[in-house]
Asker: 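Before I ask anything, here is the structure I am working with.
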Amino acid sequence: MSSVTRIHDLPQHVGESVTLEAWLTGSRSSGKIAFLQLRDGSGFVQGVLPADAVDEDTFQTARALDQEAAVHVVGTVAEDVRAPSGVELHVTGLTLVAAGNEYPITPKEHGVDFLFEHRHVHLRHKRPWAILRIRDLVERSIHDFFAERGFLRFDAPFFMPTAVEGTTNLFEIDLFGEDTAYLSQSGQLYAEAGALAFGKVYTFGPTFRAEKSKTRRHLLEFWMIEPEVAWLDHAGNMQLQEDFVAYLAGRVLEGAKEELALLERDTTVLEATAQGGFPRMTYDAALDALKAAGEELTWGDDFGAPHETILGDLHDRPVFIEGWPTQTKAFYMEPYEDDPTRVKAADLIAPEGYGEIIGGSQRIHDLALLERRIAEHDLPSEAFAWYVDLRRHGSVPHSGFGMGLERLLAWFTGVNHLREVVPFPRMLTRMYP
RNA sequence: UCGGCGGUAGCUCAGUGGUAGAGCGAUCGGCUGUUAACCGAUUGGUCGUAGGUUCGAAUCCUACCCGCCGAGCCA
């Protein structure tokens with residue numbers, strides 16, 4: 001038997017006879033001709049079987065195939081302007097490997113709940129195919145970006161002794177009735193230890209938030225990338241974020257043209273993003289812009305989702321909001337020397353209503369100040385002893401940020417809900433499959 | 001937790017007090033270089049659950065369950 005060709009590579013084999021290992025996504029047939037819609041994971045192609053060009057058994061096999069039937073297909077690759085990919089397959093041989101057996105997801109419209117109840121097979125369809133291939137490309141690009149810049153990938157633990165920020169709810173894990181652990185809501189504190197050991201590190205792992213959020217922007221379990229860099233200040237931190245997001249946008253525009261087209265994604269904003277040059281707004285300027293838009297806010301308020309949408313829509317690429325009131329941010333953030341009511345932190349807000357995709361800051365490196373902040377926030381000093389200890393031995397300014405992978409992907413792909421960018425999303429109302 | 005909307009055939013929905021419907025899917029047949037094909041036939045139901053009002057309830061009332069969207073929280 002000849003070697004197997006993947007559908008993605010068919011344009012390089014025009015005129016040749018190839019073998020595919022594929023599944024049937026749909027078909028049409030008559031007494032004279034049959035059309036088979038085929039997929040193999042790498043792409044999609046149509047198989048054509050004129051009745052007078054194949055033997056009777058092959059033709060009848062083709063007509064009897066049901067949706068999601070697994071098949072071996074032999075055929076000749078032919079250019080055809082009517083085909084979306086430019087090529088189709090003139091089938092000469094066909095073997096049924098396994099029938100589709102009343103496949104549940106029919107070619108007509110379905111509701112969200114039905115599709116995610118059948119997510120284990122929904123993954124076979126074009127929309128998840130395009131989205132999850134972009135997810136894969138972005139994940140690889142993240143590793144490439146940091147590898148090219150000399151970062152060490154540094155894995156933080158998932159079981160934690162306590163909360164990093166003390167405010168959000170954590171999932172509790174019972175340790176055999178003898179102790180309690182919590183699922184990680186951030187690897188940042190550990191990444192700080194890594195930065196002081198290796199200079200430049202990043203974590204890439206799952207994050208768990210026990211919040212009863214039921215919106216398109218929230219999952220119980222999502223993936224976060226948290227770089228942490230020693231000797232890096234607030235301004236350098238924002239530049240790193242800008243370079244990072246611009247790089248990722250560029251990689252997707254270059255490497256996922258077919259997927260973006262399938263998703264009908266307008267790439268105007270992504271093209272602007274890939275150029276960098278992200279605008280920066282101070283918190284005060286953002287506050288003024290929101291007031292001008294009719295929002296009732298006073299200095300010191302944090303911004304909600306509708307506010308982020310307004311701010312994001314002011315620009316054609318992501319915007320930094322910096323200079324936040326100290327009271328709105330986490331205990332470990334470095335205050336400005338000349339104004340301790342503000343911290344050296346920035347949020348990066350995506351345009352098009354996708355909200356905050358990155359939160360970052362310069363971290364406190366002064367021992368006494370950090371100890372004071374931990375006390376002010378009523379945090380358990382024993383649990384943070386090792387974190388404080390980092391400030392005792394060669395402490396230097398350092399900065400980092402956390403990027404929500406799914407938030408970025410939802411924005412890149414233009415999907416409405418985070419659940420679409422994860423193979424098996426975990427939400428309050430979705431634990432199956 | 002709060003607010004809005006919803007739950008009727010495998011799927012998407014119509015039906016708002018008087019015999020439970022359509023399209024799609026599936027099955028069978030016809031037809032076609034088709035692209036969500038098309039034409040005909042067949043198939044298809046604890047109307048979310050429990051109780052109540054009524055001669056009669058998918059429809060009105062009460063409680064509960066589940067889902068969707070949003071808020072808060074955040075990435």
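Only heavy atoms go into these numbers, but all of them, side chains included; no hydrogens, no water, no symmetry mates. Proteins come first, then strands; the chains are lettered A, B, ... in the order of their sequence lines, and each starts at number 1.
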Asker: Can you tell me how far P in B:C55 sits from the matching atom in B:A50, rounded to whole Å?
Answerer: 23 Å
Asker: Once you round it to whole Å, what is the distance between C1' of B:A71 and CD of A:Glu211?
Answerer: 14 Å
Asker: Can you list the residues that meet the ring-ring contact (aromatic ring centres under 6.0 Å, His included) rule with A:His125, with sequence neighbours excluded?
Answerer: A:Tyr103
Asker: If you take any heavy atom closer than 4.0 Å to RNA chain B, which residues from residues 348-359 of chain A end up in contact?
Answerer: A:Glu356, A:Ile357, A:Ile358
Asker: Over all heavy atoms of both residues, which pair between A:Ser361 and A:Tyr332 is shortest? Give the atoms and the distance, please.
Answerer: OG-CE1, 3.9 Å
Asker: Using the C1' atom in both, what is the distance from B:U59 to B:G70, to the nearest Å?
Answerer: 29 Å
Asker: Under a 3.5 Å cut-off for both contacts, is B:A63 paired Watson-Crick or G-U wobble with anything, and if yes, with which nucleotide?
Answerer: B:U49
Asker: Could you give the distance separating B:A22 and B:A41 at their P atoms, to the nearest angstrom?
Answerer: 12 Å
Asker: Any side-chain donor paired with an acceptor under 3.5 Å for A:Gln188 and A:Glu192?
Answerer: yes
Asker: I'd like to check A:Leu418 versus A:His218 (side-chain heavy atoms, cut-off strictly below 4.5 Å). Are they in contact?
Answerer: no
Asker: What is the nucleic acid contact for A:Phe222, judged by heavy atoms within less than 4.0 Å: base, sugar-phosphate only, or nothing?
Answerer: base
Asker: Return the value, rounded to whole Å, for the distance between atom CG of A:Leu36 and atom C1' of B:U34.
Answerer: 11 Å
Asker: Atom pairs, N/O to N/O, protein against nucleotides 65-70 of chain B, distance under 3.5 Å?
Answerer:
{"residue": "B:C68", "atom": "OP1", "partner": "A:Thr429", "partner atom": "OG1", "Å": "3.4"}
{"residue": "B:C68", "atom": "OP2", "partner": "A:Thr429", "partner atom": "OG1", "Å": "2.9"}
{"residue": "B:C69", "atom": "OP1", "partner": "A:Arg419", "partner atom": "NH2", "Å": "2.7"}
{"residue": "B:G70", "atom": "OP1", "partner": "A:Arg216", "partner atom": "NE", "Å": "2.1"}
{"residue": "B:G70", "atom": "OP1", "partner": "A:Arg216", "partner atom": "NH2", "Å": "2.5"}
{"residue": "B:G70", "atom": "OP2", "partner": "A:Arg216", "partner atom": "N", "Å": "3.2"}

Asker: Suppose we define a pair by two distances each less than 3.5 Å, Watson-Crick or G-U wobble; what does B:C11 pair with here?
Answerer: B:G23
Asker: Using heavy atoms to find the nearest nucleotide of RNA chain B for A:Asp347 and A:His307 separately, return the residue whose nucleotide is more 5′.
Answerer: A:His307
Asker: Quick one: does any side-chain atom of A:Thr413 pair with a main-chain N or O of A:Leu409 as donor and acceptor, under 3.5 Å?
Answerer: yes
Asker: Determine, for A:Phe412 and A:Arg265, whether the Lys NZ or Arg CZ falls below 6.0 Å from the six-membered ring centre while staying within 45 degrees of the axis.
Answerer: no
Asker: Need the pair for B:G44. Rule: Watson-Crick or G-U wobble, both distances under 3.5 Å, any strand; none if unpaired.
Answerer: none
Asker: What is the separation between atom CG on A:Leu418 and atom C1' on B:C74, rounded to the nearest whole Å?
Answerer: 11 Å
Asker: Does any N or O in the side chain of A:Arg251 come within less than 3.5 Å of the main-chain N or O of A:Leu137, such that one atom is a donor and the other an acceptor?
Answerer: no
Asker: Strictly under 6.0 Å, is that where the ring centroids of A:Tyr190 and A:Tyr387 end up?
Answerer: no
Asker: Show the distances under 3.5 angstrom between N or O atoms of the protein and N or O atoms of nucleotides 13-15 of chain B.
Answerer:
none

Asker: Looking at RNA chain B, which of residues 232-249 of chain A put a heavy atom within less than 4.0 Å of it?
Answerer: none
Asker: For A:Phe114, give me all partners under ring-ring contact (aromatic ring centres under 6.0 Å, His included), at least two apart in sequence or on another chain.
Answerer: A:His110, A:His118
Asker: Rounded to whole Å, please give me the gap between CG in A:Leu262 and P in B:U35.
Answerer: 18 Å
Asker: Going by purine N1 to pyrimidine N3 plus the second Watson-Crick contact, or the G-U wobble pair, all under 3.5 Å, which nucleotide sits opposite B:C2?
Answerer: B:G70
Asker: Is B:A57 paired to anything, Watson-Crick or G-U wobble with both distances less than 3.5 Å, and if yes, which nucleotide?
Answerer: none
Asker: Rounded to whole angstroms, how far apart are CZ on A:Phe303 and P on B:G72?
Answerer: 13 Å
Asker: With a 6.0 Å cut-off on ring centres, are A:Tyr202 and A:His143 close enough?
Answerer: yes
Asker: Counting only non-hydrogen atoms, which of residues 52-60 of chain A are less than 4.0 Å from RNA chain B?
Answerer: none
Asker: Decide yes or no, distance alone: a donor-acceptor N/O pair under 3.5 angstrom between the base of B:C73 and the side-chain of A:Ser213.
Answerer: yes
Asker: Quick one: side chains of residues 82-89 of chain A, donor-acceptor pairs under 3.5 Å with protein atoms, not counting sequence neighbours, listed by atom name and distance.
Answerer:
{"residue": "A:Arg82", "atom": "NE", "partner": "A:Asp80", "partner atom": "OD1", "Å": "3.0"}
{"residue": "A:Arg82", "atom": "NH2", "partner": "A:Asp80", "partner atom": "OD2", "Å": "3.0"}
{"residue": "A:Ser85", "atom": "OG", "partner": "A:Val87", "partner atom": "O", "Å": "3.4"}

Asker: With P as the reference atom in both, quote the distance from B:U16 to B:C60 in angstrom, rounded to an integer.
Answerer: 10 Å
Asker: Suppose we screen for ring-ring contact (aromatic ring centres under 6.0 Å, His included). Which residues come up paired with A:His307, at least two apart in sequence or across chains?
Answerer: none
Asker: For B:C38, give the paired nucleotide (Watson-Crick: N1-N3 plus N6-O4 or O6-N4; G-U: N1-O2 and O6-N3; both under 3.5 Å), or none.
Answerer: B:G30
Asker: Is A:Gly304 touching bases, backbone alone, or none of the nucleic acid, heavy atoms closer than 4.0 Å?
Answerer: sugar-phosphate
Asker: I'd like a list of close polar pairs between nucleotides 30-33 of chain B and the protein, N/O only, cut-off under 3.5 Å.
Answerer:
{"residue": "B:C31", "atom": "N4", "partner": "A:Ser29", "partner atom": "O", "Å": "3.0"}
{"residue": "B:U32", "atom": "OP1", "partner": "A:Lys32", "partner atom": "NZ", "Å": "3.4"}
{"residue": "B:U32", "atom": "O4", "partner": "A:Ser29", "partner atom": "O", "Å": "2.1"}
{"residue": "B:U32", "atom": "O4", "partner": "A:Ser30", "partner atom": "N", "Å": "2.2"}
{"residue": "B:U32", "atom": "O4", "partner": "A:Ser30", "partner atom": "OG", "Å": "3.0"}
{"residue": "B:G33", "atom": "O2'", "partner": "A:Arg82", "partner atom": "NH1", "Å": "3.0"}
{"residue": "B:G33", "atom": "O6", "partner": "A:Glu88", "partner atom": "OE2", "Å": "3.3"}
{"residue": "B:G33", "atom": "N1", "partner": "A:Glu88", "partner atom": "OE1", "Å": "3.3"}
{"residue": "B:G33", "atom": "N1", "partner": "A:Glu88", "partner atom": "OE2", "Å": "2.5"}
{"residue": "B:G33", "atom": "N2", "partner": "A:Glu88", "partner atom": "OE1", "Å": "2.6"}
{"residue": "B:G33", "atom": "N2", "partner": "A:Glu88", "partner atom": "OE2", "Å": "3.4"}

Asker: Can you find a heavy atom in the side chain of A:Leu428 that is under 4.5 Å from one in the side chain of A:Lys212?
Answerer: yes
Asker: Quick one: A:Lys329 NZ to B:C73 P, roughly how many Å, whole number?
Answerer: 12 Å
Asker: Below 3.5 Å, does any donor atom in the side chain of A:His110 face an acceptor in the base of B:C11, or the other way round?
Answerer: no
Asker: Pick the P atom in B:C2 and in B:G18, then give their distance to the nearest Å.
Answerer: 36 Å
Asker: Are the aromatic ring centres of A:Phe44 and A:Trp23 under 6.0 angstrom apart?
Answerer: no
Asker: Partners of A:Tyr247 by ring-ring contact (aromatic ring centres under 6.0 Å, His included), sequence neighbours excluded?
Answerer: A:Phe145
Asker: Distance check needed: B:C74 P versus A:Trp324 CH2, whole Å only.
Answerer: 11 Å
Asker: Could you write out each protein N or O paired with an N or O of nucleotides 41-48 of chain B at a distance under 3.5 Å?
Answerer:
none

Asker: Within this structure, what is the CD-to-P distance between A:Glu264 and B:A36, rounded to whole angstrom?
Answerer: 12 Å
